[in-house]
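To find a chain, count down the sequence lines: A is the first, B the second, and so on, and within it residues start at 1.
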Amino acid sequence: MLEIQRIRQEKDAIIAGLAKRNIDATSTLDAIIATDQNWRAAKTNLDQLAAELNQIAREIGELFKKGLQNDASALKAKSSELKTKEVQLKEEVAQHEEALQKLLYTLPNVPHEAVVQGRDAQDNQTTHEAGHIPQFNFDALPHWDLAKKYKLIDFELGVKVTGAGFPFYRGKGAKLQRALIQFFLDEAIAAGYEEFISPHMVNEASGYGTGQLPDKEGQMYYVTEDDLYLIPTAEVPLTNIYRDVILPDGNFSIKMCGYTPCFRREAGSYGKDVRGLNRLHQFDKVEIVRVEHPDNTAKALDEMIAHVQNLLEKLELPYRILRLCGGDMGFASAMTYDFEVYSAAQEKWLEVSSVSRFDTFQSNRLKLRFKDDKKTMLCHTLNGSALALPRILASLLENHQTADGIRIPKALQSYTGFSIID
RNA sequence: GGUGGGAUGGGUGAGAGGCUGAAACCAACAGUUUGCUAAACUGUCGUACGGGUAACUGUACCGCGGGUUCGAAUCCCGCUCCCACCGCCA
């Protein structure tokens, strides 16, 4: 959520920024500013009226003490008269406030100045490309066939027990999955991230804190009985640790990581995009989350990119890094880098990680601040997948397949305990 | 699930209709002094929003939401959460 103070001061810059998302925010911003003015006017009236009422109440108290009941009664009459006015004003203030809130929720984050204008994925800029794309001298299989051939994943069993999008991993497939989680966590810890094992369900306040609610309500599984949401990513519990927190000074850099299963309803998805591991309702992910001083955000983002890059290199996967254009960025992001791994068998790039800086967009909702001398300022938040398992598993299977089986990258062998799946 | 107790500022904890945005103590911060890895003393010490260039000032907030009253941290109702014991159970 954008800060209202910022909208008051930098309206034109915000319009220019949102234009990069192909959004013309002029009318929304005008409405916001008008609503804000109405709200402030009503609020000022209300405050003055309340002050008057407080004053009268105090006087009545004095009169009672002196035993001047009659004078007190006269004031009481006046007070109840003002009281009706107060009720009306309160309602008016509440209405403006609600309208303002609704408008603010509709505005996505303003892209960072380095982000280019663009419509969709076509306009993303490739900033880095590395690794080599394997050439197969045999019939390369997509991962769903490999998974079946080597008995690594059983999709049908998942359908039977739960439903589509909830696969079973088995045998070496399960071990590989566990090895990847361990590997990712160890790497994150080595890079200075503190590991958390978090709850897998969160309350409503946390859903609002990171912005899943109210806009993406349908994306989360909801447990009605207890009013809890299954987490769509570890970002939600980890970031919400810092909801309603004021850090004591500006000298901080918080780095957290955590492995969790992630639950996503993915309502509306269908077709070949959801084949195999490409899109699941439950998947595993190691997430890295940072809370930073605004001065340190750019550096933190670079570190996170380098971290993910390092992972992909150790897994020996051909990848590229894209800086998303305005039109392709998520709602809350100010700047996002996507990591894609090439799948030689599917002959396409698969998104395996997304690293973003949110600047104050999340912290404004979270009320995550720090004390800077006298002032209280909003922190910056960042997060990234490091990494999401299913598509990494898919890329590993597809890119490292040989005629004799699937080769396990060196860095992973001490975790799996085997060097080939055959 | 049952019974009982509780929820106040960074912490402990007073408060029981107007003098309470809230005592006291601890912690923290600033200063004075004596001096030396310390003590004593003094001061500062919640958040949000509005108004004001500012000093400052107004309003709201004592778990949350309602109600009673001229006036609520204090009384009433509903809810949530926490703690203890019991029950059930990994």
Side-chain angles (χ1 to χ4, degrees), chain A residues 1-9 32-105 197 199-209 213-214 222-229 237 240-252 254 261 360 362-379:
Chain A
M1 191 166 60
L2 294 178
E3 301 128 86
I4 183 71
Q5 297 88 334
R6 185 172 165 197
I7 293 175
R8 282 179 203 150
Q9 288 162 13
I32 287 175
I33 287 168
T35 309
D36 180 51
Q37 271 165 0
N38 291 337
W39 174 75
R40 281 196 283 174
K43 167 84 170 146
T44 304
N45 284 340
L46 177 62
D47 282 358
Q48 281 166 358
L49 192 60
E52 204 175 328
L53 277 164
N54 286 342
Q55 178 59 28
I56 290 173
R58 249 173 270 138
E59 282 170 22
I60 291 173
E62 291 297 315
L63 290 174
F64 266 112
K65 249 180 230 164
K66 290 178 188 153
L68 302 169
Q69 318 290 4
N70 286 341
D71 295 355
S73 307
L75 272 180
K76 272 195 202 181
K78 190 179 178 195
S79 175
S80 52
E81 188 190 315
L82 290 179
K83 194 86 186 180
T84 18
K85 245 196 199 165
E86 194 201 18
V87 172
Q88 285 171 3
L89 262 177
K90 262 190 186 162
E91 207 168 300
E92 200 184 315
V93 169
Q95 276 171 10
H96 289 312
E97 217 163 46
E98 200 185 319
L100 186 59
Q101 199 66 225
K102 266 193 185 155
L103 284 167
L104 285 172
Y105 275 142
I197 295 180
H200 296 168
M201 294 189 210
V202 294
N203 56 29
E204 199 180 18
S206 294
Y208 276 96
L213 297 175
Y222 175 52
V223 182
T224 47
E225 188 74 15
D226 296 292
D227 219 14
L228 295 172
Y229 295 86
N240 270 286
I241 292 172
Y242 286 92
R243 170 156 47 84
D244 290 322
V245 167
I246 300 177
L247 299 167
D249 58 65
N251 186 25
F252 64 93
I254 295 159
T360 58
Q362 283 188 326
S363 57
N364 186 33
R365 266 208 215 181
L366 287 164
K367 298 197 177 65
L368 164 52
R369 294 158 291 176
F370 67 97
K371 291 243 191 228
D372 185 49
D373 287 329
K374 285 262 169 186
K375 276 191 288 182
T376 309
M377 312 232 309
L378 292 170
C379 300

Counter-base of C19(B), judged by Watson-Crick or G-U geometry with both distances under 3.5 Å: none
Can you give the donor-acceptor pairs under 3.5 Å from side chains of residues 45-56 of chain A to other protein atoms, not counting sequence neighbours?
unit_1: Asn54(A); atom_1: ND2; unit_2: Ala50(A); atom_2: O; d: 3.4
unit_1: Gln55(A); atom_1: OE1; unit_2: Arg58(A); atom_2: NH1; d: 3.2
unit_1: Gln55(A); atom_1: NE2; unit_2: Glu59(A); atom_2: OE2; d: 3.0

Under the salt bridge (charged side-chain N to carboxylate O under 4.0 Å, His left out) test, residues paired with Arg369(A) that sit two or more places apart: none
Taking ring-ring contact (aromatic ring centres under 6.0 Å, His included) as the test, write out the residues that go with Tyr222(A), two or more places apart. Tyr229(A)
Heavy-atom nearest pair, Leu100(A) first then Thr35(A), reads N-CG2, 3.9 Å
Can you check the distance between C85(B) and G50(B), where both ends of the measurement are the P atom (answer in whole Å)? 48 Å
Please write out each protein N/O paired with an N/O of nucleotides 69-74 of chain B under 3.5 Å, distance rounded to 0.1 Å.
unit_1: C70(B); atom_1: O2'; unit_2: Ser79(A); atom_2: OG; d: 2.8
unit_1: G71(B); atom_1: OP1; unit_2: Lys83(A); atom_2: NZ; d: 2.7

Quick check against the 3.5 Å criterion: does Ser363(A) have a side-chain atom that pairs as donor or acceptor with the backbone of Leu378(A)? no
Any strand counts, and the cut-off is 3.5 Å on both contacts for Watson-Crick or G-U wobble. Which nucleotide pairs with G78(B)? C64(B)
Looking at A30(B), which nucleotide sits across from it as a Watson-Crick or G-U wobble partner, both distances under 3.5 angstrom, or is there none? U42(B)
Listed by chain and number, what are the ring-ring contact (aromatic ring centres under 6.0 Å, His included) partners of Phe252(A), not counting sequence neighbours? Phe370(A)
U59(B) -> Watson-Crick or G-U wobble partner, both distances under 3.5 Å, gives A48(B)
Excluding sequence neighbours, so at least two apart, what forms ring-ring contact (aromatic ring centres under 6.0 Å, His included) with Tyr242(A)? none
Tell me the partner of C36(B), counting only Watson-Crick (N1-N3 plus N6-O4 or O6-N4) or G-U wobble (N1-O2 and O6-N3) with both under 3.5 Å; none if nothing fits. none
Tabulated below should be each protein N or O lying under 3.5 Å from an N or O of nucleotides 48-52 of chain B; please produce it.
unit_1: A48(B); atom_1: OP1; unit_2: Arg369(A); atom_2: NH1; d: 2.7
unit_1: C49(B); atom_1: OP1; unit_2: Gln5(A); atom_2: NE2; d: 3.3
unit_1: G50(B); atom_1: OP1; unit_2: Arg8(A); atom_2: NH1; d: 3.0
unit_1: G50(B); atom_1: OP1; unit_2: Arg8(A); atom_2: NH2; d: 2.8
unit_1: G50(B); atom_1: O2'; unit_2: Thr44(A); atom_2: OG1; d: 2.7
unit_1: G51(B); atom_1: OP1; unit_2: Arg40(A); atom_2: NH1; d: 3.0

Using atom P of each nucleotide, how far apart are C29(B) and C79(B) to the nearest Å? 45 Å
Indicate yes or no: at least one non-hydrogen side-chain atom of Ile33(A) is less than 4.5 angstrom from one of Ile7(A). yes
Could you work out, with side chain to side chain contact (heavy atoms under 4.5 Å, CB included) as the rule, every residue matching Ala94(A), not counting sequence neighbours? none
By side chain to side chain contact (heavy atoms under 4.5 Å, CB included), which residues pair with Ile241(A), not counting sequence neighbours? Phe196(A), Leu238(A), Met256(A)
I'd like a table of atom pairs between the protein and nucleotides 10-12 of chain B - only N or O on both sides, under 3.5 Å - with the distance next to each one.
none

note: Asp244(A), atom CG; G9(B), atom P; distance rounded to Å ~ 14 Å
Interatomic distance, Asn45(A) CG vs U59(B) P [rounded to whole Å]: 15 Å
If I pick the C1' atom on U33(B) and the same atom on A38(B), what distance separates them, to the nearest angstrom? 14 Å
C75(B) and C62(B), which share atom name C1', separated by this distance in whole Å: 16 Å
Would you give the length of the straight line joining atom CD1 of Ile4(A) to atom CD1 of Ile32(A), rounded to the nearest 0.5 angstrom? 6.0 Å
Suppose you measure atom C1' in A22(B) against the same atom in C70(B); what distance do you get, rounded to whole Å? 22 Å
Paired with A14(B) by Watson-Crick or G-U wobble geometry, both distances under 3.5 Å: which nucleotide is it? none
Rounding to an integer number of angstrom, what distance separates U20(B) and G78(B) when you compare their C1' atoms? 27 Å
Suppose we define a pair by two distances each less than 3.5 Å, Watson-Crick or G-U wobble; what does C88(B) pair with here? none
Sticking with atom C1', work out how far C45(B) lies from A30(B), rounded to a whole angstrom. 10 Å
If you measure from the P atom in G5(B) to the same atom in A60(B), how many Å do you get, rounded? 33 Å
Side-chain atoms of residues 73-81 of chain A: list all donor-acceptor pairs with protein atoms under 3.5 Å, sequence neighbours left out, distances to 0.1 Å.
unit_1: Ser73(A); atom_1: OG; unit_2: Gln69(A); atom_2: O; d: 3.0
unit_1: Ser80(A); atom_1: OG; unit_2: Lys76(A); atom_2: O; d: 3.3
unit_1: Ser80(A); atom_1: OG; unit_2: Ala77(A); atom_2: O; d: 3.0

Here the distance between atom C1' of C64(B) and atom OH of Tyr208(A), to the nearest Å, is 16 Å
Please, which pairs that meet side chain to side chain donor-acceptor pair (under 3.5 Å) have at least one residue in residues 85-104 of chain A, sequence neighbours excluded? Trp39(A)-Glu97(A)
How many Å lie between CG on Asn54(A) and C1' on G21(B), as a whole number? 13 Å
